[in-house]
Amino acid sequence: MARFGGLPRGGVNRQALSAEEGRARRQLAAWAAEQGFTVATDAVANLFIRREGSDPTLPPVLAGSHIDSQPTGGRFDGVYGVLAAFEVLQALNEAGVVTRRAVEAVAWTNEEGSRFQPGCLGSGAFAGRIPPGPALEAVDRDGIRAADALEAMLAAEPDFARRPIGFPVHAYLEAHIEQGPLLEQAGVPIGVVTGVQGSRWFAIEVTGEEAHAGTTPVRLRKDALVSAVAMVEALRQIMVDPEDLVRFTVGRFEVHPGAPNTVPGRVFFTIDFRHPDGHTLKRLGDQVEAVVRAHAGSCAVRIEETFTSQPCVFDAGAVAAVRDAVAGLGLPSLTLASGANHDARFLAEVCPAAMIFVPCERGISHNEAENAAPGDLAAGARVLAEAVVALANS
Ligand code: HGY
Ligand code: MN
Ligand code: MN
């Protein structure tokens, strides 16, 4: 799968609704056909690979993640969970196991939110938490609308069955690399994940006035860069946290027109703010707009909260299914909450959901150097298989 959008340094650029992602989907469909699985997609391009159970009337068990990546992403983020789910289906074929409920491997659309904000478009729409219409109006850096990229993606897949967005699901499990250092530091192959911390994303546009760098006195300038830098510094001050639990990131900061001798007339930047506690997420997140406006200087400001996700605790029954699978396989494990956001956070709104983490080298992710050990990846897939089968027969 890393061939699709593969980068020279070993990572991937397989962004949501891109041609590379379309080719990766086609590859999954080809593997599915070899195994006799059926392939379906919905109006936001969530991809479902189905293995029938003995009772087709029962809501299925879903297992999966996402195959879209960051622009300089790693070979494991997301796609590991989709391939682990596919491995489970294939292993059931090879073992001749018939589960009571159907089991479906899922690739959710636009989990990353790097090309089109917000992320978790597919799982959020499936869970009825993100209205697809407005989200599909998002435009990428090249001016392409998400709706148009989606239309092109679906037009290339006339052979995939079509489904409505959302249907009853018995349970959902997601295997994923931890994207942090805890499992590697503890020296254990498996993380039993209890929930996901809260996230709030903002998009800020600061508008001043382009002017000549050599002739324009400071007192007459409306310098968007000076105002934007003051905003970021002031925000960083309110986000200082001695416990180091606050996660405050300005990942995108664009200066226009970007000419050395023109006073910047416009700056666009993003905020990714996260915290495990809902009260802190509200207390600090609700200050963002006031701090931004207080440092606008002579510029105009447009601020939009583009993504909001409260901290979530996974269903105890689903977490127990993971824990039982780990115990049954005699694997050492660590119990932890997820600092990264995942599709499971939205599935948790509509069915029992839980996650399985495996270590990644030095906790590095959203980086081409992302790496994971085959033994850990296999252990994670085996835990997924045992937990999926237990849930599919419940
Ligand atoms: O941003 C996240 O937490 C996820 O990796 N997309
Ligand atoms: Mn991911
Ligand atoms: Mn990611």
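From a predicted model like this one, the values you see are computed outputs, not experimental measurements.
- With rounding to the nearest 0.5 Å, the separation of CG in L89 from CD in E52 is 10.5 Å.
- The backbone N or O of V61 sits nowhere less than 3.5 Å from a side-chain atom of R101 that would complete a donor-acceptor pair.
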Could you walk me through whether I238 and F248 pass the side chain to side chain contact (heavy atoms under 4.5 Å, CB included) check? CA-CA 10 Å; I238 68 164; F248 172 76; over 6 Å; no

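- Rounded to the nearest 0.5 angstrom, I67 CD1 and Q27 CD are separated by 10.5 Å.
- Smallest separation of non-hydrogen atoms from E184 and G363: OE1-N, 4.2 Å.
- In the model, D77 has a side-chain atom that pairs as donor or acceptor with a side-chain atom of Q179 under 3.5 Å.
- Residues R145 and E137 are paired through a salt bridge, judged by an N-O separation under 4.0 Å between the basic side chain and the carboxylate.
- Atom CD of E151 has 12 or fewer neighbouring heavy atoms from other residues, nucleotides or ligands inside a 6.0 Å radius.
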Mind running side chain to side chain contact (heavy atoms under 4.5 Å, CB included) on L284 and M239 for me, showing each step along the way? CA-CA 7 Å; L284 292 177; M239 295 289 180; 4.1 Å; yes

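- Atom CG of D272 and atom CD of Q117 lie 10.5 Å apart (nearest 0.5 Å).
- Between the D315 side chain and the A353 main chain, no donor and acceptor come within less than 3.5 Å of each other.
- A salt bridge links R26 and D159; the closest N-O separation between the charged side-chain nitrogens and carboxylate oxygens is under 4.0 Å.
- The pair E205-R266 meets the salt-bridge criterion, since a charged nitrogen lies less than 4.0 angstrom from a carboxylate oxygen.
- Closest approach of G64 to E174, counting heavy atoms only: O-CG, 3.0 Å.
- The nearest pair of heavy atoms linking L377 to F76 is CD1-CE2, 3.5 Å.
- Using a cut-off of 4.0 Å between Lys/Arg side-chain N and Asp/Glu carboxylate O, R247 and D241 are scored as not salt-bridged.
- With ring centers used as reference points, H342 lies 6.0 Å or more from F314.
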Test side chain to side chain contact (heavy atoms under 4.5 Å, CB included) on I364 and N371 and set out the steps. CA-CA 8 Å; I364 298 290; N371 193 23; over 6 Å; no

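- Using a distance-only test at 3.5 Å, with no hydrogens or angles considered, a donor-acceptor pair links the side chain of T109 to the main chain of V44.
- Checked for salt-bridge contact, R50 and E104 meet the test: a charged N lies under 4.0 Å from a carboxylate O.
- R221 places a side-chain N or O within 3.5 Å of a backbone atom of T216 that can act as its donor or acceptor partner.
- Between the side chain of T270 and the backbone N or O of R252 there is at least one donor-acceptor pair closer than 3.5 Å.
- At distances below 3.5 Å, not a single donor-acceptor pair connects side-chain atoms of D142 with backbone N or O atoms of I144.
- Across S227 and A296, no two heavy atoms sit closer than the pair OG-O, 2.9 Å.
- Interatomic distance, CZ of F116 versus CG of L136, reported as 9.0 Å (0.5 Å rounding).
- Pairing each heavy atom of W201 with each of E112, the nearest pair is CH2-O, 3.6 Å.
- Q35 places no side-chain N or O within donor-acceptor distance of the main-chain N or O of W31, the cut-off being under 3.5 Å.
- For the residue pair S123 and H66, no side-chain donor N or O sits within less than 3.5 Å of a side-chain acceptor on the partner.
- Taking hydrophobic clusters as Ile, Leu, Val, Met, Phe, Trp and Tyr residues chained together by side-chain heavy-atom distances below 4.5 Å, F253 shares a cluster with M231.
- The structure places CG of N110 at 10.5 Å from CG of N46, a figure rounded to the nearest 0.5 Å.
- At distances below 3.5 Å, at least one donor-acceptor pair connects side-chain atoms of R129 with backbone N or O atoms of A127.
- Looking at R51, its side chain does come within 3.5 Å of a backbone N or O of L92 through a donor-acceptor pair.
- The backbone N or O of V229 sits nowhere less than 3.5 Å from a side-chain atom of E233 that would complete a donor-acceptor pair.
- E20 and S18 share a side-chain donor-acceptor pair at under 3.5 Å.
- Contact detail for F346 and I130: the closest heavy-atom pair is CZ-CD1, 4.2 Å.
- Cluster partners of V169, by chain and number: F48, L62, V106, W108, F126, F167, Y172, L347, V350. The rule joins Ile, Leu, Val, Met, Phe, Trp and Tyr whenever side-chain heavy atoms lie under 4.5 Å apart.
- In summary, the side chains of T72 and E368 do not present any donor paired with an acceptor at a separation below 3.5 Å, with no hydrogens or angles considered.
- Of the inter-residue distances, the one linking D68 atom CG with R115 atom CZ reads 10.5 Å to the nearest 0.5 angstrom.
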